[in-house]
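Everything quoted here is computed from the prediction, not taken from an experiment. Lettering of chains follows the sequences in order, A, B, ..., and the numbering in each one begins at 1. Basis for what follows: all heavy atoms, side chains included, without hydrogens, waters or symmetry-related copies.
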There are 2 protein chains.
Amino acid sequence: MMPAQHRLDRSAPTTGAAARLSRLAAMIAASGPLRLRDAAAALAVSEMTIRRDVAGADGLACLGGYVTATGGRPDGTGYVLHQEERAHMAGKRAAAEAAAASIRPGETIFIDCGTTMPFLAAALPVGAKLTVVCYALNIAAIVCRRAETRVILLGGLYHDSSASFWSRESEAMLGRIGLDRAFLSAGGIHRERGVSCSNFHEVPLKQIAMANAQESCLVADATKFERVMPAHFADLSAFHRIVTDATLAASVRQRFAAPRPRLEIAA
Amino acid sequence: MMPAQHRLDRSAPTTGAAARLSRLAAMIAASGPLRLRDAAAALAVSEMTIRRDVAGADGLACLGGYVTATGGRPDGTGYVLHQEERAHMAGKRAAAEAAAASIRPGETIFIDCGTTMPFLAAALPVGAKLTVVCYALNIAAIVCRRAETRVILLGGLYHDSSASFWSRESEAMLGRIGLDRAFLSAGGIHRERGVSCSNFHEVPLKQIAMANAQESCLVADATKFERVMPAHFADLSAFHRIVTDATLAASVRQRFAAPRPRLEIAA
DNA sequence: GCATAATTGTCATGATCCTAACATTGAATG
DNA sequence: CATTCAATGTTAGGATCATGACAATTATGC
């Protein structure tokens with residue numbers, strides 16, 4: 001009935017299941033998912049033992065012959081998706097695609113970071129010869145695949161929480177770029193308390209982009225309304241448009257009915 | 001003989017394989033790998049169509065029933081590699097891994113762009129708490145997954161040929177970063193005509209990195225020796241080490257036998 | 001030294017995935 | 001309207017993966 005741990009924990013285990021697990025975790029953190037047979041060969045045990053080790057561990061899983069980290073980070077590490085994270089996927093996509101529909105060929109646009117913006121990046125009109133300015137790794141990864149598109153990535157120190165970069169030089173660079181449209185995301189949209197996000201380093205970049213853009217467009221699924229996040233970065237009136245999805249409650253729509261920003265509901 | 005494109009490009013592709021691929025990439029960027037059946041359901045097509053789409057795309061792959069982002073694991077297992085990257089893969093990996101072995105915990109290192117450097121990025125010692133400076137998208141994609149690693153990406157305008165960025169601001173930023181080691185790649189290594197690459201925009205960044213580093217290490221497979229590319233960026237004597245693979249011809253080894261740079265052959 | 005228990009390896013079975021081949025749909029063309 | 005071709009769906013098979021049972025090995029305690 002009682003499980004295995006009948007020995008005291010050592011501080012540095014060099015043999016046994018615990019040692020294998022830590023080595024596995026290190027290998028995966030270093031270079032991504034690992035083939036099960038490679039893991040078995042590297043640790044000089046059978047695949048079955050790897051499976052058993054992983055089965056009794058948090059944060060690791062065997063899927064499709066690979067041993068991989070669970071927890072699904074935005075860069076594609078790990079296989080397991082949290083239901084929570086995907087719950088509003090349809091809303092994000094609808095809002096992002098509606099927002100992207102307004103883009104005209106030849107424009108220079110700014111794309112924010114966050115989990116909504118990848119959908120916008122993917123929905124950019126093809127063959128439109130755009131110039132895209134961004135500061136997130138996952139956005140760049142999508143946009144850089146497009147033909148006929150100039151991509152400017154604002155670099156700097158990487159922040160894992162939003163897969164984005166920041167530096168003083170990036171602020172200066174962005175300040176010199178004239179934008180046709182800026183597409184911003186937000187974690188909170190509140191009638192009185194304005195628009196906010198969770199990461200403070202994003203604030204200056206968002207603000208500079210809005211200041212330099214002829215049109216500022218806020219893109220967010222309906223769950224972001226009436227919420228407030230720690231980092232305030234703009235008042236509602238600073239936006240020309242808010243694009244969201246159709247699940248926005250009627251009462252909220254009423255409260256946000258104003259000439260500016262114009263509230264657009266994606267079909 | 002003529003391929004598919006017999007219609008003029010529309011401004012917004014709402015159907016077709018290209019549109020599905022973009023959406024898939026967005027979903028994966030937003031919330032990690034997807035179950036194949038979920039992807040099929042979300043895009044209202046069969047799993048077979050998802051497989052076919054993904055098979056004809058770079059950067060995505062189907063693994064174990066999931067569709068996931070590739071790029072980051074240069075070991076070839078189930079991953080799509082560009083033709084260029086396939087060539088001399090064993091040599092590139094051997095040289096890169098030998099070069100990475102010299103890295104000590106806590107160091108600040110510069111990693112160049114090119115097809116050899118992803119192997120080095122993947123071979124960085126685990127748990128070493130490094131600071132990594134880079135200017136290529138694919139390098140950043142690998143390094144940003146590592147835990148306990150600070151990543152600084154030098155941004156700017158994207159150049160597709162080497163998946164790298166360049167800007168004046170990046171040069172300034174790099175100029176202010178003190179480096180323990182700079183790992184450089186090259187397309188040509190010639191005894192008299194020095195070290196060269198194909199893209200001119202890489203030249204200043206390489207030179208600044210070398211100037212700021214305590215040790216400059218050239219990493220290249222054996223096929224790069226005795227060749228000259230258009231953009232000269234350094235003399236041989238500017239390097240402390242050259243790390244290459246064991247297929248280097250004996251005659252060439254003799255010619256490059258010098259106290260500096262020290263020629264190291266990976267086993 | 002022996003008995004016991006934990007650990008690991010091997011095998012077998014069912015489930016799932018991957019690929020190829022063929023059928024079907026739909027759009028463009030004459 | 002018929003034809004043609006590309007794109008997609010369906011089916012089936014072999015390959016691979018996942019899981020449980022059991023055997024072999026190693027470690028531990030008396």
Side-chain angles (χ1 to χ4, degrees), chain A residues 1-10 12-24 28 32-70 76 78-81 126, chain B residues 1-10 12-24 28 32-70 73 75-81:
Chain A
M1 190 105 326
M2 269 292 94
Q5 291 308 101
H6 59 292
R7 279 201 327 209
L8 293 176
D9 281 343
R10 312 277 190 78
T14 54
T15 67
R20 285 195 302 269
L21 273 176
S22 65
R23 289 180 72 182
L24 270 181
I28 292 166
L34 204 56
R35 204 114 251 272
L36 195 53
R37 68 173 69 90
D38 294 340
L43 301 179
V45 293
S46 70
E47 297 186 9
M48 191 67 220
T49 298
I50 300 287
R51 286 183 187 278
R52 275 194 275 247
D53 289 347
V54 166
D58 285 343
L60 293 179
C62 288
L63 286 172
Y66 285 76
V67 45
T68 176
T70 59
Y79 284 94
V80 177
L81 300 179
V126 293
Chain B
M1 190 110 324
M2 270 293 93
Q5 289 309 101
H6 56 293
R7 278 197 331 204
L8 293 177
D9 278 344
R10 312 278 190 78
T14 53
T15 67
R20 286 196 300 271
L21 273 175
S22 297
R23 287 175 143 202
L24 272 181
I28 293 166
L34 287 177
R35 271 257 117 189
L36 196 53
R37 60 170 145 278
D38 294 340
L43 300 180
V45 293
S46 69
E47 296 186 9
M48 193 64 223
T49 297
I50 300 288
R51 285 184 188 278
R52 274 193 275 245
D53 289 347
V54 167
D58 284 347
L60 292 179
C62 289
L63 289 175
Y66 288 75
V67 43
T68 178
T70 62
R73 290 236 314 168
D75 63 3
T77 51
Y79 286 76
V80 180
L81 297 177

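Residue B:Thr49 places at least one side-chain N or O closer than 4.0 Å to OP1 or OP2 of D:dG9.
Rounding to whole angstrom units, CG of residue B:Leu21 and P of D:dT8 are separated by 10 Å.
Summarising the geometry, atom SG belonging to A:Cys62 is positioned 8.0 Å from atom CD1 belonging to A:Ile50; distances are rounded to the nearest 0.5 Å.
In the helix from C:dG1-D:dC30 to C:dG30-D:dC1, the end axes, each obtained as the rotation axis mapping the C1' atoms of four pairs onto the next four within a five-pair block, lie 20° apart to the nearest 10 degrees.
Judged as a side-chain contact (heavy atoms from CB on, under 4.5 Å), and not counting sequence neighbours, the contacts of B:Arg52 are B:Met48. Listed by chain and number, the residues in a side-chain contact (heavy atoms from CB on, under 4.5 Å) with B:Thr49 are B:Arg20, B:Val45, B:Ser46, B:Asp53 (sequence neighbours excluded).
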At under 4.0 Å between heavy atoms, how does the protein contact nucleotides 16-23 of chain C? Give one character per nucleotide, 5' to 3', with B, S or -.
-SSBB---
